[in-house]
Amino acid sequence: MERQLGFLLFLLTLAHAFPDSPEPCELDEDGVRCACNFSDPEPNWQSAFLCIGATDVKFYGGGRSLEHFLKRVNTEANPSKQITDVLKSLSWQRLTLGNARVPALMLFGALRLLGFTSLKELTLENLEVTGTALPPLLEASGPNLDTLRLSNVSWATGDAWLAELQQWLKPGLKVLHIAQAHSLNFSCEQVRVFPALVTLDLSDNPELGEKGLISALCRSKFPALRVLALRNAGMETPSGVCSALAAASLQLEQLDLSHNSLRDTEGAPGCDWPSKLNSLNLSFTELKQVPKGLPAKLNVLDLSYNRLNRQPRPDELPKVVHLSLTGNPFLDSESHSEGYSSGVVVAPVRSSLAVGLWATLAVLQGAGLFA
Amino acid sequence: MEAGTGSLLSTLLGLLLLSTPGTRGANPALVARITDKGLEYGGLGSLCRDYRQQGHRPLESGKVGATGEPRAEERRQGGRADPIFSLSAAAKEGLLVLQTELQKITLPDFTGDFKIKHVGHGHYEFHSLEVQNCELRGSSLKPLPDHGLSLAISDSSIGLRGKWKARKIVKLQGSFDLNVNGITISVNLLLGSDPSGRPTVTASRCTSRIYDVDVDLSGKVGWLLNIFHNQIESKLRKVLENKVCELIQKSVTSDLQPYLQTLPVTAEIDDVLSIDYSLVEAPRATAQMLDVMFKGEIFNRNHRSPPASPTPMMSLPENKCKQMVYFAISNHAFNMASRVYHQAGYLNFTITDDMLPPDSNIRLNTKSFRPFTPQITRRYPNMNLELRGAVVSTPLLNVSPGNLSLAPQMEIEGFVLLPGSTPESVFRLDVVANVFASLTFNNSKVTGMLHPEKAQVKLIESKVGIFNVNLFQAFLNYYLLNTLYPDANSELAKGFPLPLPRNIKLHDLDLQIHKGFLYLGANVQYLRV
């Protein structure tokens, strides 16, 4: 009897842990966030209707190819007025599309439809874009995005992908992230100006390197750029980065070079950093000493979590208002009380499933059923 | 004499007078205006010649061919191209009928005495008279101010054949031919309506004149009687003059009036609506036109109740009357129809889950409704929904120069279908739609089409939390524009029949939109059955 009760309790816990129906889409209580994962072999696509009223929407294709849908959908035709009216009424703000193999025609067709919505942020993850598409009949038929994020997106058009994609983007783009890119070797003549782009994030492109950076930062195509992030981007020396910036004549204000394996080159030719640069992040870069050739004056300089083995001398450092040296070895030896401010690593919270299981097992053990 | 002569005047007037008792002193919702152009005979020419040319067989023993009138194709083949195959053709038809009727007439026998000087008195008798042929020319039908219509025929002729007998002095008999020339008939038709609302037609004045009678007697000693042909001719002339008017009076009272009484008064428009065409007053004639005022009341044919408001007056334009006939339809007529539909519940609708395609994964239930009401599943996890729409008040047609518009206001209420219990209301929405309508004409029907604008949705109340009104509005408009309005338009394409007799067709239609009514002008074609 007790054994049966325990087993029943165990089953009940399991039942709570897994969703009772394999619906690909889920909408939160307030109808704000919606996520769909079409990972089943024959998913219920219409379940996506659930996300029509949400604000943050994510669609994942389960790694499948969407090419066979191309036959069913006419991507060239202009949407009817009623469809565009429905699109205009959508309150989608942030959209993520990922995990699929999608024809370029379909992707750009989707961008054209999204052009009727008030979408602000678009994220493309783990997509393989196949084939090419004709440029849009009307310039900039896509959504008026503030932020565009691309992560592990491969394009059939190779190096020309940015120029092709740009035809569909409206000029108001402010933030561009490109991570795990297959190619950042842009053909700069084809790339158009990004008149409003303030932040460019090329982090997580370990193959980029300083040479790659030069070909990525098309000269005078980023007139408004203020923030450049190059975390884990294969950068080698701060001065090398400085030359790349100078070649592109960028008026940067913030530069993030953290998580690169930087080394200091002795005797490197001096480089003029952008005059307005006021924030430089060199944390987690395995620097053993403060590199030479840094800008003379900075508002923020982050040298935390490096391998500095001694306190830098004032003449080694630029004039800095906020200097961070946390997590460097020299601090360990000097003082134990300093430097442990932020950065408490919290172990990832295990899923509620596991918690439930453990709790139940503990209860049952306590009840003596599992001797 | 039956339907023949009856159909003469009824085809002329049938367009005008279809009625049953109507209310007195009310305004009409439908007015038919016949202009003098419509009444004109115009280019009639020689009907009888026409008629003979068609190879109509001569009369035998007083009988006429089956219809007594040449068939339409025969007439067309005759090569006479009437520029406007018009209401005057109806008049033509009428005259043809009159002709044949005349031919059917059993003319009374003429008897008389004659005196031969120094010989004595004798007795003559003309009998078995039959009309051989006739020509009716110079005809006109005009409105007669404050009276009705005036019908005139001039310069016509008729040919008779018969037998004669003479007695006492000589006992002789033979046959004769008689030609009557220069016949002129003038009849005034007084149009009115009796206290019960029926139209009345009376021939108030009839004059006829015959210019010349020509007799030719044959048979033994016919030559003798030809001596007396002057006397015979003048007597015949007088007799015939009286006979014509007598004939017309009789036709009006014993054929036309009763026929008009039997014409239908109400017409059924569809499953719900019927229209009452009774007269509200006597037809009004002016020098150029005749106006007939119909009640035009639209009612629920299953359950008639008096209209909610009286019909406002229509001020018809005094224009140049370029066309033959004009119809003025008050927007009140449409509003009565709208009220009937509304009260009969036809303007309500319900949308349930089983109306969605069976293979659709999106159903009309609380789960699928979450995009509009995300919190609905807190209280109603997975139940079917029902949407009930009702029009709040009768949509009224606004007729103003240049366009017709409607602004129906609806309320949509959402119900959760609880298992084993009455449906529970969970939200109410207010929907206003602006619709513009256009009218077209197709084979004597008025057909309409709706050009919808977008509906505006507002939330009245929600018992289940947030309601995404904008999204619902977009989907509702999608449904309305893709499904509801096209369905309504295909219903409206079926048309609203105009009060026309069967054989009348309209051409050259011209629609004007005035304040409060539609004014439709047309030329008429009379179709032979």
Side-chain angles (χ1 to χ4, degrees), chain A residues 15-16 19-38 40-59 69 72 77-95 113-119, chain B residues 353 356-382 385 414 426-427 429 431 433-434 451-459 462 464-487:
Chain A
H16 273 214
D20 45 43
S21 57
E23 282 288 331
C25 295
E26 266 181 28
L27 179 68
D28 74 344
E29 277 276 300
D30 297 317
V32 172
R33 268 166 291 274
C34 187
C36 293
N37 190 356
F38 298 109
D40 276 349
E42 300 274 327
N44 175 13
W45 296 101
Q46 289 177 336
S47 181
F49 181 74
L50 195 60
C51 298
I52 294 277
T55 309
D56 287 2
V57 180
K58 296 184 165 76
F59 291 125
F69 282 122
R72 283 208 253 158
N78 266 327
S80 68
K81 183 156 192 308
Q82 290 123 23
I83 303 254
T84 56
D85 284 345
V86 172
L87 288 171
K88 278 184 195 139
S89 73
L90 291 182
S91 45
W92 289 358
Q93 291 283 297
R94 283 168 285 277
L95 176 65
L113 290 179
L114 290 172
F116 292 99
T117 65
S118 49
L119 193 68
Chain B
D353 180 57
L356 293 173
D359 56 352
S360 160
N361 274 317
I362 302 169
R363 311 302 316 173
L364 187 55
N365 56 26
T366 52
K367 240 168 73 166
S368 295
F369 218 70
R370 284 198 72 203
F372 308 113
T373 52
Q375 293 156 341
I376 196 169
T377 45
R378 273 191 212 164
R379 232 204 294 176
Y380 307 102
N382 194 9
L385 282 174
V426 285
F427 60 80
L429 300 164
V431 181
N434 279 313
H451 306 278
E453 308 262 299
K454 281 197 277 199
Q456 310 281 334
V457 180
K458 282 205 260 289
L459 181 68
S462 163
V464 286
I466 307 168
F467 198 106
N468 243 327
V469 177
N470 283 346
L471 191 66
F472 187 84
Q473 181 174 295
F475 274 85
L476 181 69
N477 277 314
Y478 186 83
Y479 167 73
L480 289 177
L481 271 62
N482 270 4
T483 311
L484 198 78
Y485 283 121
D487 284 353

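Each chain gets a letter, A, B and so on, in the order its sequence line appears, and its residues count up from 1. Predicted model only: the values in this text are computed from it and were never measured. Below, all heavy atoms of this structure are taken into account, side chains as well, without hydrogens, waters or symmetry copies.
Between Leu471(B) and Ser89(A) the shortest side-chain heavy-atom distance falls below 4.5 Å.
Remark: Arg370(B) pairs with no residue by the salt bridge (Lys or Arg N to Asp or Glu O under 4.0 Å) rule, at least two apart or across chains.
Proximity to chain B among residues 48-58 of chain A is limited to Phe49(A), Leu50(A), Ile52(A), Gly53(A), judged by heavy-atom separations below 4.5 angstrom.
Only the side chain of Ile466(B) comes within less than 4.5 Å of a heavy atom of chain A; its backbone N, CA, C and O stay farther away.
Smallest separation of non-hydrogen atoms from Asp30(A) and Arg378(B): OD1-NH2, 3.6 Å.
Counting heavy-atom pairs closer than 4.5 Å to chain A, the top-ranked of the candidates Pro374(B), Pro371(B), Ala474(B) is Pro371(B).
Interatomic distance, Ser80(A) OG to Leu481(B) CG, rounded to the nearest 0.5 Å: 9.5 Å. Atom-to-atom distance recorded for Leu90(A):CG and Asn468(B):CG is 9.5 Å, nearest 0.5 angstrom.
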